Amino acid sequence: MSEVRYQYLFNEFNELVHYKKAIKGDKYRLYPELPLDYIFKAGNHNIHHFSLKAEPCNPFALISSIGGKGESIEHYNAKMEIVDNKKYYDTIFKKWIEFDEVKFETTYDNKRPDLSCLINNELVCCIEIYKTNAKSESDILELKKIGVPIIEININDENKCRHLILPTLLEANRQKLADI
């Protein structure tokens, strides 16, 4: 099978679709607010992938579609995998952490974490995906204002987690936890 670039895209109904469940000929987009610039191709030799549509009337499709929000394909795929599966593996706790819902890029007072994780419609944590830029101290201070734990997942290093912001009880004992 050929290398798949985008693992997930949104269909015309803004439903997130994994490439294995995509329909040949249907149109897709990177994010709900972007144009349907991709089409799913399924050919001989098990070659299945999302591909930019070739439209002579849309010369800017390539520019508007690739890295729609200035993120790498790896960053996008890692983010959408968690949205689709509603869970991630926490390498610190050494267990799967599951949610009822995971939303991408919800804005909270000028800060927009990659993922917002909910249980019973309540925000319980946010996740940042780290591919090229780890969160700076000023980013962390801004994220802290959201009031929930913030986890950073490094997709360059086997998805290792870093707990940037802990709940108040654990934050007070951060040094003790580090010693343990």
Side-chain angles (χ1 to χ4, degrees), residues 4-23 26-38 40 50 65-136 139-171:
V4 176
R5 291 173 47 90
Y6 286 107
Q7 300 272 324
Y8 299 88
L9 289 180
F10 290 88
N11 66 15
E12 63 182 309
F13 305 107
N14 291 328
E15 299 164 329
L16 189 63
V17 178
H18 189 272
Y19 82 96
K20 289 183 179 178
K21 295 180 180 176
I23 299 170
D26 276 7
K27 297 175 184 173
Y28 296 88
R29 63 180 113 227
L30 280 174
Y31 286 98
E33 69 276 8
L34 293 177
L36 291 163
D37 284 341
Y38 288 81
F40 186 72
F50 293 110
S65 294
I66 295 177
K69 295 191 183 280
E71 63 190 348
S72 70
I73 292 171
E74 297 84 4
H75 182 274
Y76 177 90
N77 286 337
K79 184 168 61 174
M80 294 308 175
E81 181 177 2
I82 295 171
V83 170
D84 188 45
N85 293 322
K86 300 178 186 149
K87 65 181 180 179
Y88 79 98
Y89 186 78
D90 192 296
T91 58
I92 295 171
F93 294 137
K94 298 193 183 329
K95 65 185 261 184
W96 286 98
I97 309 297
E98 297 184 24
F99 308 100
D100 295 336
E101 182 179 10
V102 179
K103 296 180 179 180
F104 60 91
E105 299 186 2
T106 302
T107 302
Y108 306 93
D109 293 330
N110 299 329
K111 205 61 196 158
R112 188 174 61 214
D114 287 328
L115 302 170
S116 297
C117 307
L118 297 94
I119 295 177
N120 296 325
N121 292 321
E122 184 178 330
L123 181 66
V124 293
C125 75
C126 292
I127 298 175
E128 288 287 343
I129 305 296
Y130 167 33
K131 168 70 178 154
T132 55
N133 296 312
K135 291 297 159 200
S136 68
D139 287 334
I140 293 169
L141 288 174
E142 286 298 311
L143 288 167
K144 191 172 188 174
K145 294 175 185 176
I146 299 172
V148 296
I150 308 290
I151 294 96
E152 183 177 71
I153 299 175
N154 184 346
I155 61 175
N156 296 316
D157 190 12
E158 300 176 347
N159 293 332
K160 286 192 179 161
C161 295
R162 194 173 84 150
H163 294 175
L164 301 177
I165 299 169
L166 296 170
T168 307
L169 177 64
L170 294 177
E171 188 69 51

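Please read all numbers here as calculations on a predicted model, not as lab measurements. Position 1 is the first residue of the sequence, and the numbers go up from there.
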Novice: Do Ile151 and Tyr88 pass the side chain to side chain contact (heavy atoms under 4.5 Å, CB included) test, and can you show the C-alpha distance, the side-chain angles, and the key distance before you say yes or no?
Specialist: CA-CA 10 Å; Ile151 294 96; Tyr88 79 98; 3.7 Å; yes
Novice: Within a reach of under 6.0 Å around CD of Glu15, are more than 12 heavy atoms found that belong to other residues, nucleotides or ligands?
Specialist: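 More than 12 within 6.0 Å, yes.
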Novice: Are the side chains of Glu142 and Asn110 in touch, meaning some heavy atoms are under 4.5 Å apart?
Specialist: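 Glu142 does not reach Asn110 side chain to side chain.
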Novice: Lys111 and Leu143: which non-hydrogen atoms are nearest, and at how many Å?
Specialist: CG-CD2, 3.5 Å
Novice: Fit a plane to each ring of Tyr8 and His18, take the angle between them on a 0 to 90° scale, and name the class: parallel (under 30°), tilted (30 to 60°) or perpendicular (over 60°).
Specialist: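 Perpendicular: the ring planes of Tyr8 and His18 meet at over 60°.
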Novice: Compare every heavy atom of Phe40 with every heavy atom of Ile23, then report the nearest pair and how far apart it is.
Specialist: O-CB, 3.5 Å
Novice: Has Asn85 got a side-chain atom pairing as donor or acceptor with Lys87's backbone, closer than 3.5 angstrom?
Specialist: no
Novice: Within the side chain of Asp90, is there an N or O that forms a donor-acceptor pair under 3.5 Å with the backbone of Phe93?
Specialist: yes
Novice: Should the pair Lys135-Glu152 be classified as a salt bridge under the 4.0 Å nitrogen-to-oxygen rule?
Specialist: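 No, this pair does not count.
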Novice: Quick check: does any side chain N or O of Asp84 sit under 3.5 Å from a backbone N or O of Met80, one acting as donor and the other as acceptor?
Specialist: no
Novice: Quick one: pull up OG in Ser72 and CD1 in Ile155 and give me the separation to the nearest 0.5 Å.
Specialist: 5.5 Å
Novice: Show the nearest heavy-atom pair for residues Leu9 and Phe50, with the distance to one decimal.
Specialist: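 Between these two residues, the closest heavy atoms are CD1-CG, 3.3 Å.
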Novice: Rounded to the nearest 0.5 Å, how far does CG of Leu16 lie from CZ of Phe10?
Specialist: 4.5 Å
Novice: Run the ring pair (Phe, Tyr, Trp, His ring centres under 6.0 Å) test on Tyr31 and Tyr76 for me, step by step, so that the C-alpha distance in whole Å, both residues' side-chain angles and the decisive distance to 0.1 Å come before the verdict.
Specialist: CA-CA 10 Å; Tyr31 286 98; Tyr76 177 90; 5.5 Å; yes
Novice: Using only atom types and a distance under 3.5 Å, with no angle test, would you say the side chain of Asp100 pairs donor to acceptor with the backbone of Asn120?
Specialist: yes
Novice: To the nearest 0.5 Å, what is the distance between CH2 (Trp96) and OH (Tyr89)?
Specialist: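 Trp96 atom CH2 to Tyr89 atom OH measures 8.5 Å (nearest 0.5 Å).
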Novice: Salt bridge or not between Glu71 and Lys131? Use side-chain N to carboxylate O under 4.0 Å.
Specialist: no
Novice: Locate the shortest heavy-atom distance separating Ser116 from Leu123; write the atom from each residue and the value.
Specialist: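 Ser116 and Leu123 have their closest heavy atoms at CB-CD1, 3.7 Å.
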Novice: Taking all atoms of both residues into account, what is the closest heavy-atom pair of Cys117 and Ile127, and its distance?
Specialist: SG-CD1, 3.6 Å
Novice: Taking C-beta and beyond as the side chain, do Pro113 and Ile150 meet within less than 4.5 Å on heavy atoms?
Specialist: no
Novice: Has Asp114 got a side-chain atom pairing as donor or acceptor with Ile129's backbone, closer than 3.5 angstrom?
Specialist: yes
Novice: I want to check something: taking the side chain as every heavy atom from C-beta on, are Arg112 and Glu105 in contact at a cut-off of under 4.5 Å?
Specialist: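 Yes, side chains in contact.
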Novice: Between Lys103 and Leu118, is a side chain to side chain contact (heavy atoms under 4.5 Å, CB included) present by the stated rule, with each step listed?
Specialist: CA-CA 8 Å; Lys103 296 180 179 180; Leu118 297 94; 4.1 Å; yes
Novice: Hey, could you give me the CG/NE2 distance between Asn133 and His75, rounded to the nearest 0.5 Å?
Specialist: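 Rounded to the nearest 0.5 Å, the CG-NE2 separation comes out at 9.0 Å.
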Novice: Does His163 use its side chain to pair, donor to acceptor, with the backbone of Pro149 at less than 3.5 Å?
Specialist: no
Novice: What's the spacing between Asp37 CG and Leu30 CG if we round to 0.5 Å?
Specialist: 8.5 Å
Novice: Which atom names give the shortest non-hydrogen contact between Phe13 and Asn11, and what distance separates them?
Specialist: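 Where Phe13 meets Asn11 most closely, the heavy atoms are N-OD1, 2.8 Å.
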Novice: Quick check for you: to the nearest 0.5 Å, what is the distance between Ile153 atom CD1 and Lys79 atom NZ?
Specialist: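 Here the interatomic distance stands at 12.5 Å.
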